[in-house]
Protein chains: 2
Amino acid sequence: MLMVSTRNLSCLVKSSKSDSTSDSKSDSTSAAKPAVKPAAKPAASAPRDRYHHGDLRQSLIDAAIALIQDGDLSQVSLREVSRRVGVSHNAPYRHFQDKEALLNAVAAQGFQGLKRVTEAAIAVTPGDAAEQLQAIGKAYIQFAVQNPVYYRVMFSLSDAQQDAALKEAMAQSWGVLFQVILAGQASSVFRAEDPRQMAQVAWAMVHGIALLAIEGQLRVQSGEDFDAFLEFSTRMLSQGLQQQ
Amino acid sequence: MLMVSTRNLSCLVKSSKSDSTSDSKSDSTSAAKPAVKPAAKPAASAPRDRYHHGDLRQSLIDAAIALIQDGDLSQVSLREVSRRVGVSHNAPYRHFQDKEALLNAVAAQGFQGLKRVTEAAIAVTPGDAAEQLQAIGKAYIQFAVQNPVYYRVMFSLSDAQQDAALKEAMAQSWGVLFQVILAGQASSVFRAEDPRQMAQVAWAMVHGIALLAIEGQLRVQSGEDFDAFLEFSTRMLSQGLQQQ
DNA sequence: GTGATATGTTGATGGTGTCAACACGCAATC
DNA sequence: GATTGCGTGTTGACACCATCAACATATCAC
């Protein structure tokens, strides 16, 4: 099975037992930077000598991601995160208002990565808007498959739980898709219907596929199968939006 | 439009503040059974006189749903559920192995409702497979919008968390869609590609839209707008699967 | 150097899931 | 009809959690 190329980033290394879809046959477009920046300096688990940690905020985010990785989102606790970073159970409260705020930060970081990846996909796709849309779709789904932890957190927060920074990050990410839709309509490649609705349909489909893929519910046997499915589904999407 | 008639069931009455999409225009066809059976007898919160509850299992499920309704999935606790039913904090353990098992039961009940609704949609749609697929898509999304609590629980459990009964209920529900795809291919209405992949794409799209709708992220202003979007998106889906 | 302030710690409180031991009442057996 | 077994519900305990308040330490502005 294949691994769609972008490396597993931000120290997400241990593969979970049930990843039926991800795999690692190379794919040429993978030269792009990692989707999400790993923490710069400190190994999250290194015991510190100084009283102050130095970069606790990012370390907490990284530790939370690592925690979710080998387990479940539900078993993330501030205390366990603190333990992993080697800090007292109340230290996180100097950087996050509460547990939800930490998850918001993880999610926001994820959306920034998603934006980066989709923008990169557009940049290397010189064709018309239809081709660019397809490229975005592929990049989007690949991002989810390669960063399942991020992706899960990104969509685990209900509207009421999302803070302003997260909403902004989401809006930025959404903007990438929306601009392509608008461009496609301007050049008469896409139908002239409400661009917002068109974008919503597009987003809904890739989002649904991303979720299925992460959950291992796409019964693709090999990496090639996954690539083929990616091609198939995104082509269908792109065609659906085009003028008939 | 056809409004598959599921009424808001199982005592999900209080509308949450952010339901921008659900519309309650009455619909005449609503004679059909509710999508999910409400608990038969006892008002969940009625203080009981007898030592034994009578139908504690279903009451717990109902209470869990009610709890999620006015709040968040994350704040469901067995203890609070027990409190609402008027029973000790350990009573649930006579009916569910743990908290996850209770959520599994809720989810399974939801999938049974979803199956019923989609089957009903097919039954009242005499057209070809393409029209039936569109009907299923509408019914699916409407189910989600009208039963957001069920829907959220249905997809909140990771593969590893799902028990056998839930997986069976999911498979049954999936089967409805799959059969329509197969029929459409047999009658040369749909493309001759892998039916599983076709079904996955279809499911992914309606699933994505359902999620967006539930989260209130579809910026439709009125019920008519929502109906129009439903029509638009499902038509796109159906057309995408058809022979070119 | 001296505060002021940001950052980290300790301790306490009330909530949670779950286990073990116990209590009740229905139903089948004698 | 009394006895006994077992399903169902209760009480109590434990470990864990989120969060608040009070305190300690390091860093920075002056």
Side-chain angles (χ1 to χ4, degrees), chain A residues 39 41-42 44-64 67-68 70-106 153 156-158 160-161 163, chain B residues 39 41-42 44-64 67-68 70-106 153 156-158 160-161 163:
Chain A
K41 320 294 213 44
S45 54
R48 74 190 200 283
D49 40 358
R50 313 177 302 295
Y51 184 88
H52 284 97
H53 181 281
D55 190 14
L56 184 52
R57 189 189 142 89
Q58 185 60 47
S59 293
L60 290 169
I61 293 177
D62 293 340
L67 222 180
I68 301 168
D70 39 42
D72 208 73
L73 210 171
S74 70
Q75 62 194 4
V76 176
S77 77
L78 283 183
R79 289 175 111 101
E80 179 60 25
V81 169
S82 302
R83 241 172 263 130
R84 293 209 176 189
V85 177
V87 102
S88 85
H89 70 271
N90 257 342
Y93 286 90
R94 299 296 162 195
H95 299 271
F96 301 100
Q97 194 176 11
D98 53 19
K99 183 181 173 182
E100 212 168 87
L102 172 58
L103 294 179
N104 262 272
V106 173
V153 177
S156 71
L157 297 164
S158 71
Q161 294 174 311
D163 63 23
Chain B
K41 318 293 212 45
S45 54
R48 75 187 199 285
D49 39 359
R50 315 177 300 294
Y51 183 88
H52 285 98
H53 181 280
D55 190 15
L56 183 52
R57 190 189 143 88
Q58 185 60 48
S59 293
L60 290 169
I61 294 178
D62 293 342
L67 222 180
I68 301 168
D70 40 43
D72 209 74
L73 210 171
S74 70
Q75 61 193 6
V76 176
S77 78
L78 283 184
R79 289 174 112 100
E80 179 60 24
V81 168
S82 303
R83 242 172 263 131
R84 292 209 177 189
V85 176
V87 102
S88 84
H89 69 271
N90 258 341
Y93 286 90
R94 298 297 161 195
H95 300 272
F96 300 100
Q97 195 177 11
D98 53 18
K99 183 182 174 183
E100 214 168 86
L102 172 58
L103 294 179
N104 263 272
V106 173
V153 177
S156 71
L157 297 164
S158 72
Q161 295 174 310
D163 64 23

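Convention: sequence-line order gives letters A, B, ...; per-chain numbering from 1.
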For this session: State whether the distance check finds a donor on one side and an acceptor on the other, under 3.5 Å, for side chain B/R79 versus base C/dG17.
Result: yes
Problem set entry | Under the side chain to side chain contact (heavy atoms under 4.5 Å, CB included) test, residues paired with B/S74 that sit two or more places apart | A/Q161, B/D72
Problem set entry | Spacing between A/L78 atom CG and C/dT9 atom P, to the nearest angstrom | 14 Å
Seminar exercise, completed: Taken to the nearest whole Å, CZ/B/F96 to P/C/dT18 is 13 Å
For this session: May I have the distance from A/L56 (atom CG) to D/dT25 (atom P), rounded to whole angstrom?
Result: 19 Å
Exercise. To the nearest Å, how far apart are A/K99 NZ and D/dC16 P?
Worked result: 16 Å
Exercise. Picking from D/dG9, C/dT18, C/dT9, which would you name as closest to the side chain of B/A91?
Worked result: D/dG9
Exercise. How close or far is atom P of C/dG17 from atom CG of B/D98, stated in whole angstroms?
Worked result: 10 Å
Exercise. For B/R83, which contact category applies under a 4.0 Å heavy-atom criterion: base, sugar-phosphate, or nothing?
Worked result: sugar-phosphate
Exercise. Rounded to the nearest Å, what distance is computed from the CD atom of residue B/E80 to the P atom of nucleotide C/dG17?
Worked result: 10 Å
Exercise. In Å, rounded to the nearest 0.5 Å, how long is the span from CG of A/L67 to CD of A/E80?
Worked result: 5.0 Å
Problem set entry | Whole-Å distance separating the CG atom of B/L102 from the P atom of C/dG17 | 10 Å
Under 3.5 Å, sequence neighbours excluded: what are the donor-acceptor pairs made by side chains of residues 91-99 of chain A?
from, atom 1, to, atom 2, distance (Å)
A/D98, OD1, A/E100, N, 3.3
A/D98, OD1, A/A101, N, 3.0
A/K99, NZ, A/V76, O, 2.8

Exercise. Any N or O donor-acceptor pair linking the side chain of B/H89 to the base of D/dG12 at under 3.5 Å?
Worked result: yes
For this session: Measure from OH on A/Y93 to P on D/dT19 and round the result to the nearest Å.
Result: 4 Å
For this session: Heavy atoms only: give me the nearest B/V153-B/L103 pair and the separation to one decimal.
Result: CG1-O, 3.5 Å
Problem set entry | Distance, nearest 0.5 Å, that separates CG of A/D163 from CG of A/L157 | 8.5 Å
Exercise. Just to confirm, is there a sub-4.0 Å distance from OP1 or OP2 of D/dC17 to any side-chain nitrogen or oxygen of A/S77?
Worked result: yes
Exercise. Below 3.5 Å, does any donor atom in the side chain of A/R57 face an acceptor in the base of C/dT7, or the other way round?
Worked result: no
Exercise. Could a donor-acceptor pair under 3.5 angstrom be found where the side chain of B/R94 meets the base of D/dG9?
Worked result: yes
